[in-house]
Amino acid sequence: MKNAVAILDFGSQYAQLIARRVREAHVYCELFPWDAPREQILALQPKAFILSGGPRSVYEPGAPYIQDFILESGLPILGICYGMQALTHALGGRVDASARREYGHAVVETVQENPLLPAPSFQVWMSHGDKVTDLPPGFVPLAQSGNSPYAAMADPVRRCYGLQFHPEVNHTVGGAEIIRRFVVDIAGITPDWTPQSIIEEAVERIRRQVGGARVLAAVSGGVDSSVAAALVHRAVGDQLTAVFVDTGLLRKNEPEQVVRAFREMLGVELIAVPAAAEYFEALKGETDPEKKRKIVGEKFIRIFEREAKALGQPPFLVQGTIYPDVVESSAPDRNKADKIKTHHNVGGLPPDMRFQLVEPLRYLFKDEVRAVGEALGLPVEMVWRQPFPGPGLTVRILGEVTPERADRLREADAILTEELAAAGLLGKGAGTSQAFVVLLPVKSVGVMGDQRTYQDACAIRAVVTDDFMTADWARIPYDVLARISTRIVNEVRGINRVVYDITSKPPATIEWE
């Protein structure tokens, strides 16, 4: 990679957002643990480093630190929050515990003109208990806040910069521009990370990986698996066979839509495998969400192994794993971000799997995946369809998964989608990024036709987000919610109560399981 940034993660849940903002500036980047081996980091051939925040104090025993080769590289460095403190500590400055924590909104005032900060005064997001009290030799102050005399600092000669606030979060006004200024203006990196360049590099990488071998693509009906399959098809053509497993856990009419899209629109050889009975039997009696994911993951691979054997055992399997999947499935570590949950595409696969994985989207965010899909010429309705998890409705049916509960959820979800689309709240440029129904393992009392009912409750989950790493709940108009609720209760047998989830991500995840 000729133009890239290495982001070192000191344990911040915001680290992936830094990567997201760098990509928005059309610059490629990768995220590494702070203590990743020198060879691994330098293999990227980075032109700059960004140091993330983190929960520790730099003066604690065993605290994460900046490895010497990074400081000795002579490359531009941007330290954010803990990253700024680690930079200060390593270069001879001083960091102390603050008399009071600075958390939430704050106003930063620029104290001297500089190439990094775009405004003389602007609102930022702070989250720290320590602060820099003495700058390292060669550094000058760039900005201050009410609680931080050094809210930003710089050594312009060495192109080393530090920010006490978090430019990567949306709460910081102009934060994305600050990151763009660092990677493009200060580090001098050419912003050439575009959908077309992503496709060109992916095609080259795929061809190098698979050679002349046959490849299977696992397509689920979701955006990610569809774009991944199309990208591999661009790279290897007829070497690709797509396999669609009808698990019985897809959305209403989705099996038919998937088959038509791949066979008629993309011209990809596709094998459809009816497997609903196998999945429901395997999931029978199971209520633990992690176990359900692993059951789906193992069943998924076993079916593919069976199909692969019939096709002469192709050695490669395409999966639509994307970067948030990888991040949320990362193993927990005392200095790194905690594991959130196991993703079907990442952590739910059996250890004795016989395939080598081809994951062309592994380091892409959702909006990058969509942009690549459009650049590949995929139909808009396919690229902008609602995101759908690999395990399907399994993770939207809380409790035991049965054919009856799956049918119930499918009908309720179809009503939600239909009403939101009619209101102009779904699709490209609409006000809702993702919306779905969750069937709860809860029954409630109701009255229908003067008779007492005791039936299932369901929840509507609708969010607005740019990157799916963070999300806010969608402010759907009350009259639309009223129509959705009325139709679900009247038209879906077995549901008598509808609730609306108004939790942001974080603290919640988008999916309920």
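Along the sequence shown, residues carry numbers from 1.
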>> Is any side-chain heavy atom of E305 closer than 4.5 Å to one of K309?
In response: no

> Going by an N to O cut-off under 4.0 Å, is there a salt bridge joining R208 and E204?
Replying inline: yes

>> Give me the atom names and distance for the closest heavy-atom approach of L44 to Y28.
In response: CD1-CE2, 3.9 Å

>> Are W473 and V464 packed together at the side-chain level, in the sense that at least one heavy-atom pair is separated by less than 4.5 angstrom?
In response: no

> Between A217 and V318, which heavy-atom pair has the shortest distance, and what is it?
Replying inline: CA-CB, 3.7 Å

>> Between T509 (side chain only) and E511 (backbone N and O only), is there a donor and an acceptor less than 3.5 Å apart?
In response: yes

> Measuring from D224:CG to E359:CD, what's the distance to the nearest 0.5 Å?
Replying inline: 11.5 Å

>> One thing to verify: whether E298 and R302 come together as a salt bridge, which I'm taking to mean a side-chain N less than 4.0 angstrom from a carboxylate O.
In response: yes

> Are side-chain heavy atoms of L71 and L87 found at a separation under 4.5 Å?
Replying inline: yes

> Looking at M382 and A261, what are the two nearest heavy atoms and their distance?
Replying inline: CE-CB, 3.1 Å

> Is there a donor-acceptor contact under 3.5 Å from the side chain of R181 to the main chain of I186?
Replying inline: no

> Between G74 and R159, which heavy-atom pair has the shortest distance, and what is it?
Replying inline: O-NH2, 4.1 Å

> What do the steps show when you test T241 against R214 for side-chain hydrogen bond (donor to acceptor under 3.5 Å, both in side chains), and what is the final call?
Replying inline: CA-CA 8 Å; T241 300; R214 295 294 305 277; 2.6 Å; yes

>> Under 6.0 Å from the ring centre and within 45 degrees of the ring axis: does the NZ or CZ of R23 meet both conditions for the six-membered ring of F365?
In response: no

> Taking NZ, NE, NH1 and NH2 as the nitrogens, is one of them in K505 or D472 under 4.0 Å from a carboxylate oxygen of the other?
Replying inline: no

> How about F10 and P33: do any of their side-chain heavy atoms sit closer than 4.5 Å?
Replying inline: no

> Got more than 12 heavy atoms from elsewhere within 6.0 Å of OH, Y500?
Replying inline: yes

> Do E513 side-chain atoms and P289 backbone N/O form a donor-acceptor pair below 3.5 Å?
Replying inline: no

>> When you measure from the side chain of R362 to the backbone of I322, do you find a donor-acceptor pair of N or O atoms at a distance under 3.5 Å?
In response: no

> If you measure from the Lys or Arg side-chain nitrogens to the Asp or Glu carboxylate oxygens, is any gap between E278 and R306 under 4.0 Å?
Replying inline: yes

> Checking S504 side chain against P506 main chain: does a donor-acceptor pair fall under 3.5 Å?
Replying inline: yes

> So, for C81 and Q164, which heavy atoms are closest and what is the spacing to 0.1 Å?
Replying inline: SG-NE2, 3.6 Å

> Taking it one step at a time, do V5 and F49 satisfy side-chain contact (heavy atoms from CB on, under 4.5 Å)?
Replying inline: CA-CA 6 Å; V5 173; F49 295 101; over 6 Å; no

> Between D413 and R410, is there a salt bridge with N-O shorter than 4.0 Å?
Replying inline: no

> Under 4.0 Å between a Lys/Arg side-chain N and an Asp/Glu carboxylate O for K294 and E290?
Replying inline: no

> Do R396's NZ or CZ and the ring of F436 fall within the cation-pi criteria of under 6.0 Å and 45°?
Replying inline: yes

>> Any side-chain to backbone donor/acceptor pair from K292 onto I397? Under 3.5 Å, distance only.
In response: yes

> In terms of ring plane angle, is the pair F165 and F122 parallel, tilted or perpendicular, where the classes change at 30° and 60°?
Replying inline: perpendicular

> Can you check whether G211's main-chain N or O pairs, donor with acceptor, with Q239's side chain at less than 3.5 Å?
Replying inline: yes

>> Ignoring hydrogens and geometry beyond distance, is a side-chain donor-acceptor pair present between W125 and E168 at under 3.5 Å?
In response: no

> Is it true that a side-chain atom of E200 and a backbone atom of S197 form a donor plus acceptor pair closer than 3.5 Å?
Replying inline: no

> Looking only at heavy atoms, what is the nearest atom pair of R385 and V223, with distance?
Replying inline: O-CG2, 3.3 Å

> CE of M84 to OG of S52: how many Å apart, nearest 0.5 Å?
Replying inline: 15.0 Å

> Does the side chain of D501 come under 3.5 Å of the side chain of T503 through a donor N or O and an acceptor N or O?
Replying inline: yes

> Is any side-chain heavy atom of T417 closer than 4.5 Å to a side-chain heavy atom of L426?
Replying inline: yes

> Any salt bridge between R158 and D155, counting N to O under 4.0 Å?
Replying inline: yes

>> Between D185 and P115, is there a side-chain heavy-atom distance shorter than 4.5 Å?
In response: no

> Any side-chain heavy atom of Q123 within less than 4.5 Å of one from H171?
Replying inline: no

>> side-chain hydrogen bond (donor to acceptor under 3.5 Å, both in side chains), that's the test. Do W34 and Y82 meet it? Break it down for me.
In response: CA-CA 12 Å; W34 67 269; Y82 182 92; over 6 Å; no

> Is there a donor-acceptor contact under 3.5 Å from the side chain of T465 to the main chain of T470?
Replying inline: yes

> Is there a donor-acceptor pair closer than 3.5 Å between any side-chain N or O of D9 and the backbone N or O of S12?
Replying inline: yes

>> Using the rule side-chain contact (heavy atoms from CB on, under 4.5 Å), only one of V243, V219, L240 pairs with L270; which is it?
In response: V219

> Would you say the side chains of R21 and N170 form a donor-acceptor pair under 3.5 Å?
Replying inline: yes

> Would you call P360 and V358 a side-chain contact if the rule is heavy atoms closer than 4.5 Å?
Replying inline: yes

